[in-house]
Every structure is written in C-alpha cells, then in structure tokens.
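What follows is a short report on a single structure.
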Amino acid sequence: MESSKSPQSSKTSRVVVPSDTNGSRFDNDNFSSECASNQMVVFNPEAGDKEQDELGESRAQKSGIIRGISPSIGAFTVQCAKCFKWRLIPTKHKYEEIRERIIQEPFVCKRAREWRPNVTCNDPEDISQDGSRLWAIDKPNIAQPPRGWERQIRIRGEGGTKFADVYYTSPTGRKLRSLVEIDRFLQENPEYVAQGVTLAQFSFQIPRPLRQDYVKKKPKL
DNA sequence: GCCACCGGTGGC
DNA sequence: GCCACCGGTGGC
C-alpha cells in the first residue's frame with residue numbers, strides 16, 4: 001500500500017516525513033546485522049519541536065546550528081552502542097569529532113557527560129524515532145574538515161532523484177562542490193597546502209534517508 | 001546577476 | 001546500478 005506513493009505537491013519542500021506508515025520498524029526490531037552503533041544521524045526537526053523544549057542544550061542549537069549554519073539540518077544525534085538510545089550532540093563540531101572515529105570509538109551515553117554531566121543509559125532518550133522528522137543516516141568515519149573550513153549537508157526535497165548534497169565552504173567563503181573543485185582550489189591557493197590541508201580531509205559522501213522511498217526511483221525506460 | 005537547488009549523465 | 005560531478009535555471 002505504500003509502494004504507490006504519489007509525490008503530492010512536493011512543492012511544500014522541506015524534508016518533513018509523512019509520518020505514520022511504519023514507526024515501529026526501527027524500534028529495536030533489529031537494526032539487524034548492521035552494527036547500529038556505527039550509525040549516526042542528522043535530522044530535520046521541522047515537524048515537531050516538543051522535545052526541544054525539554055532539553056536545555058537544544059537551546060544552544062537553536063540559536064547556533066539551526067540558524068546560522070545549515071537550514072537543512074536541524075540537529076545532530078548519535079545512538080548509544082550499549083542502550084541504543086539517541087543522544088543529541090550539542091554542536092556540529094562535536095558531532096564531526098565523534099563521527100570521525102565512530103568505528104574505532106563507538107559512542108556511548110557516558111561520553112555525553114562532556115556536555116551533560118550526569119547522563120547515563122538509564123535516562124530517557126533525547127529524541128525518538130517517530131515519523132515526524134526526516135532522519136538521515138550519516139556515513140561513519142568522515143574526516144573533520146580542516147580548521148576554518150565548514151562541511152555542509154543539504155537535504156533535498158522529497159521525490160527528487162537524489163537525497164542530499166555535500167559542499168565545503170573555504171575560509172574565504174568559497175563554496176566547493178566536489179573533490180575536483182577542492183583540488184583545483186588548493187592548487188590555486190597553495191597557502192592552504194602549506195598549512196597542511198590535503199584532499200584526504202574532504203569527503204563528499206552523503207547520508208542516506210531512513211525511508212528508502214524518500215528518493216524517487218530510477219525513471220526506468 | 002548571483003547562487004541555492006535540482007536534474008542528468010558518464011564512468012566505475 | 002550507483003554516485004561523483006557539473007550544467008542549467010528559477011527565485012531572489
């Protein structure tokens with residue numbers, strides 16, 4: 001019944017998930033063979049912000065991350081490898097720091113004490129997998145961007161041919177869309193190379209949508 | 001005129 | 001078949 005999703009005015013844009021359908025599928029059904037602890041997610045809070053009020057930290061996000069940096073991504077959250085609860089990460093920088101070594105150092109609630117002194121696996125999760133938001137599963141172990149550079153993820157609208165785009169903004173404000181462009185930029189601006197910036201510090205891997213039908217299937221002829 | 005966004009495709 | 005890359009363009 002869900003296979004025939006009609007795009008309905010995708011004009012509404014944004015990346016709000018239609019909700020319902022299957023909220024239970026992700027519970028603990030089984031993140032299955034895949035090691036859930038490796039998965040990191042960014043989500044768009046657009047649809048609901050109830051939980052936001054209950055969390056003191058989310059305030060900082062609201063003014064900081066959401067506003068100024070990326071309208072597409074509302075917040076960053078990581079799943080505890082032990083209890084499987086989702087913990088909000090207070091800053092993008094911290095998120096990127098965790099993501100960079102998520103495989104070698106799986107995230108656990110205890111680590112959230114860096115910004116939430118007494119949190120444990122017994123505390124309720126910061127955010128739940130209800131269908132009210134768009135969840136994007138990020139790729140693990142992506143290098144942190146060089147100092148002064150910013151890596152941005154833009155989630156595309158539902159029904160498109162692609163889920164998201166990644167681009168980097170240089171310290172000078174230049175937006176770069178591919179490794180080819182990065183490489184060219186570095187050649188034209190050797191001072192960054194002198195600072196130690198290398199191509200290996202960049203990745204254009206995009207996250208995957210939790211809902212597979214978010215992206216339009218191939219046209220098929 | 002610029003740029004954020006989306007679609008198309010060539011190469012793997 | 002997937003995805004890295006880039007061209008085109010509509011909205012500001």
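Fair warning: this is a prediction, and the values are worked out from it, not measured in the lab. Protein chains get the first letters and strands the later ones, always in sequence-line order, with residue 1 at the start of each.
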Regarding K175(A), tell me which of base, sugar-phosphate or nothing describes its non-hydrogen contacts under 4.0 Å with the strands shown.
sugar-phosphate
Restricting to side-chain hydrogen bond (donor to acceptor under 3.5 Å, both in side chains), what partner residues turn up for N189(A), sequence neighbours left out?
none
Euclidean distance, atom CG of residue L176(A) to atom P of dA4(C) [Å, nearest integer]
16 Å
Gap between atoms CD and C1', on E181(A) and dA4(B) respectively (whole Å)
14 Å
Please report, rounded to the nearest Å, how far the P atom of dC5(B) is from the CD atom of E158(A).
17 Å
Whole angstrom value for the distance that separates P of dC6(C) from NZ of K162(A):
11 Å
Taking CZ from R174(A) and C1' from dC2(B), how many angstroms apart are they, rounded to a whole number?
14 Å
Could you check whether R154(A) pairs with D165(A) (Lys NZ or Arg NE/NH1/NH2 to Asp/Glu carboxylate O, under 4.0 Å)?
no
Which nucleotide in the set dC6(C), dA4(C), dA4(B) lies at the smallest distance from any side-chain heavy atom of Q205(A)?
dA4(C)
Would you kindly give the CD-to-P distance between Q152(A) and dC5(B), to the nearest whole Å?
10 Å
Which whole-number value in Å describes the distance from R208(A) CZ to dC3(C) P?
5 Å
Taking only N and O in the side chain of R177(A), is any of them less than 4.0 Å away from OP1 or OP2 of dA4(C)?
no
Need one value for L179(A): base, sugar-phosphate or nothing, where a base atom within 4.0 Å counts as base even if backbone is also close, heavy atoms only.
sugar-phosphate
Looking across every strand, which nucleic acid part, if any, lies under 4.0 Å from S178(A) by heavy atom: base, sugar-phosphate, or nothing?
sugar-phosphate
Taking the basic N atoms (NZ, or NE/NH1/NH2) and the acidic carboxylate oxygens, is any pair closer than 4.0 Å for K92(A) and E150(A)?
yes
Lys/Arg N to Asp/Glu carboxylate O, K94(A) vs E97(A), below 4.0 Å
yes
Rounded to whole angstrom units, what separation is found between the CG atom of D183(A) and the C1' atom of dA4(C)?
14 Å
